[in-house]
Amino acid sequence: MGDWQGDTLLKQLYTDTAAQHSLSFAEEGQDRSQGRTLLQQLIGIFPSNDSDEVKLLETVDCGTYIRKRIELSASPYSSFAAYVLIPKHLTTPAPAVIAIHGHGYGSREIVGLLPNGEADLNTPGIHQHYAVQLVNRGLITIAPDVIGFGERRLAEDMARNAEVANSCDSLSSRMLLMGKTLAGFRVHEILKVVDVLSEMPEVDAERIGIMGFSGGALIAYLTAVLDQRIRATVLTGFTNTYQDSILHIHHCICNYIPGQAVYADLPQWIGLIAPRPLFVEGGKSDPIFPLQGVEQAITQLQQIYLQHHVEEQFAYDLFEGGHEISGRYAYDWIQKKLTIFD
Ligand SMILES: [Zn+2]
């Protein structure tokens, strides 16, 4: 008696929930395809825009690469912009990476721009201008604006507070009531990005990868699980166990997919990417995706890749740092995985 706060209740609920995990996702076969189908149902299904029409908004010569801004649409009700960074002097179709930003001011944060579109000449922040790092390794890099951030914050949120950080709360809470998730819509849009990339003459459609940071890594892993066209995946500042991160530390509501923890823990869901290549990166001092949970997740992912006899396709880097991108091994890893097929 005497536990008024409910902390014990939450802990016990998680223990009881974890005890019910019914799908191991370990072996290739029925359970894994069931896992993918289940995941699609859990994140929700959204109406599609069948048109692959792409509008060119601007083209800028950035010295070593060309930066285009395009507009595309995955749903009949909304469109979105993306930066496409294309290395100069390509002679053959090149590998491409979808770079998905986390919470912040949108795609400009990862292509070296300030929120107003001017060049960001300051020391890069936690996103490390990572799309520029990728294009400078010869990878065509597309950085879509994720809904809820920057220019894609809701007008009603902006009317209340022009400085509102994001629209995750407004979008998530209402979608949840309608049986859908914000993560699901974000994935829906990234799947359209894969379609559009595959049609670009500069892109080798057999060599498309994805790299996401934090909330962008959530979208990256969900997309990689659901779409076999993704040949290599980098997840930064995200991989963990539910108990050590999402269920233990305050996170944005956009991380919560109703019922997902009933079936498996986060490493098993991420493990549905196997046997395709996966690189996990984490800062040892990341306060919201703690080291202990990353290490547990890495151990479980190593086991999953071992069970698929492709242990060499899983790699990781734990670096001295916080909730941020390092890239010290990840950039070269994805460049190699998309350039040289094992
Ligand atoms: Zn969010």
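One-based numbering, in listed order, for ligands and for the atoms of each. Computed from a prediction, not measured in an experiment: that's the story for all the values here.
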Mind checking whether Phe46 and Phe185 have parallel, tilted or perpendicular rings, split at 30° and 60°?
perpendicular
Tell me whether the rings of Phe279 and Trp333 are parallel (<30°), tilted (30 to 60°) or perpendicular (>60°).
tilted
Report yes or no: do His323 and Ser214 form a side-chain donor-acceptor pair below 3.5 Å?
yes
Under the salt bridge (Lys or Arg N to Asp or Glu O under 4.0 Å) definition, can you give me all pairs with a residue in residues 102-123, not counting sequence neighbours?
Arg108-Glu151
Return each pair, listed once, that meets side-chain hydrogen bond (donor to acceptor under 3.5 Å, both in side chains) where at least one residue sits in residues 246-255; pairs must be two or more places apart or across chains.
none
Within less than 2.8 Å of the Zn ion (ligand 1), the count of protein N, O or S atoms comes to 4
For Met158, the other hydrophobic cluster members (4.5 Å side-chain criterion, sorted by chain and number) are Val164
